[in-house]
Number of protein chains: 2
Amino acid sequence: MLNCGDSAVNLSGAAPIFSALGDPVRLAIVARLCKDGPLPTIELKQCADGVSRQGVTKHLQVLEEVGLVESDRTGRDRQWRLQAQQLVAVRDYLGWISAQWDQRLELLRAFVEDDA
Amino acid sequence: MLNCGDSAVNLSGAAPIFSALGDPVRLAIVARLCKDGPLPTIELKQCADGVSRQGVTKHLQVLEEVGLVESDRTGRDRQWRLQAQQLVAVRDYLGWISAQWDQRLELLRAFVEDDA
DNA sequence: TTCATGAGCAACCTCCTAGTTGCTCGTTTT
DNA sequence: AAAACGAGCAACTAGGAGGTTGCTCATGAA
């Protein structure tokens, strides 16, 4: 478990979320929900160009499985909203991982300067 | 194109990178390269538990295609190193996208407080 | 009440992906 | 020189992912 600040993200937990974000349609859906807040399925269908309603539903289910979105049905249609914690967690994971990289670069720089 | 600061990341460009990071083996490889710097294939094979050398090579090629790593051959073995720009770009993309979310929350909060 | 709309479920198809094995080639090492 | 090691290439396989169609159901609007 890699503890980085208040959001503890382990590697095996992050991969499925990246995988979920790895499809252009799903990424567009997440981006849309970030921008415009809770939306019904039909509205999110516009994110997927030429994909059927069932196709979009499948994508939404994938996002739901990894906890990136949640939904409840209000009457006839289903409202989808973002679960920001997961997004923040994976963002922080990338931040943490690239911080390690920066640290390595810094060490290398210091080493070279010492040597010179 | 979604311009966020100095790294301009568009949505369709980010998806393949997320996809590449979406496999646990590949994510482990990237994390390893972040931590320990350039490494030969054989060393990175340890990141993939029980996967053959060719399997690992395939993963590395996927990472190379999306520009997350690059390599060159030194004598008998091939050295792999991280290309941090892509990692930083996708990190910033997530930062930008979740900032939009925060902004929406803030607007909502302000609206509720005004209404009360 | 009737009809249109949004959604759920199940079956199906196709293609890509992760993984394998087998072989060859060049480079170290002994 | 011979053996061992890292790597590249090609063919193949199993399974999952993305997508579809067809049908049914409930709800909201005419």
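Within every chain, numbering begins at 1; the chains are lettered A, B, ... in the order of the sequence lines, protein sequences first and strands thereafter.
- Remark: B:Thr41 is not in phosphate contact with D:dG6, judged by side-chain N or O atoms under 4.0 Å from OP1 or OP2.
- Side-chain proximity of A:Arg73 to the nucleotides D:dC5, C:dG6, C:dA18 is greatest for C:dG6.
- A 4.5 Å side-chain heavy-atom check between B:Leu39 and B:Ile29 finds every atom pair outside the cut-off.
- Rounding to whole angstrom units, CD1 of residue B:Ile42 and P of D:dA4 are separated by 16 Å.
- Within residues 45-71 of chain B, the residues approached by DNA chain D to less than 4.0 Å at the level of any non-hydrogen atom are B:Arg53, B:Gln54, in residue-number order.
- Relative ring orientation between A:Tyr93 and A:Phe18 is described as tilted, the plane-to-plane angle lying within the 30° to 60° band.
- Looking only at distances, no side-chain donor or acceptor of A:Arg91 sits under 3.5 Å from a matching main-chain atom of B:Leu94.
- Computed from coordinates, the B:Leu44 CG to D:dG6 C1' distance equals 13 Å when rounded to whole Å.
- Between B:Arg76 and C:dT29, a side-chain N or O to OP1/OP2 separation shorter than 4.0 Å is absent.
- A 4.5 Å side-chain heavy-atom check between A:Arg81 and A:Asp72 finds at least one atom pair inside the cut-off.
- Annotation: side chain of B:Val25 is not in contact with side chain of B:Val56 (no heavy-atom distance under 4.5 Å).
- The 5' end of DNA chain D is approached more closely, in terms of each residue's nearest nucleotide, by A:Val25 than by the other of A:Val25 and A:Gly75.
- Looking at B:Leu87 and B:Cys34, their side chains come closer than 4.5 Å, going by heavy atoms from C-beta outward.
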- Task: Go through the steps for A:Arg78 and A:Ser71 under the test side-chain hydrogen bond (donor to acceptor under 3.5 Å, both in side chains), then give the verdict.
- Result: CA-CA 7 Å; A:Arg78 179 172 290 277; A:Ser71 69; 3.0 Å; yes
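- As rounded to whole Å, 14 Å separates atom P of D:dG6 from atom CG of B:Leu39.
- As rounded to whole Å, 13 Å separates atom P of D:dG18 from atom CG of A:Leu27.
- A:Arg26 has its CZ atom 9 Å from the C1' atom of D:dG18, to the nearest Å.
- One atom, CG of B:Asp72, and another, C1' of C:dT27, lie 16 Å apart when rounded to the nearest Å.
- For D:dG8, the OP1/OP2 oxygens have a side-chain nitrogen or oxygen of B:Arg78 closer than 4.0 Å.
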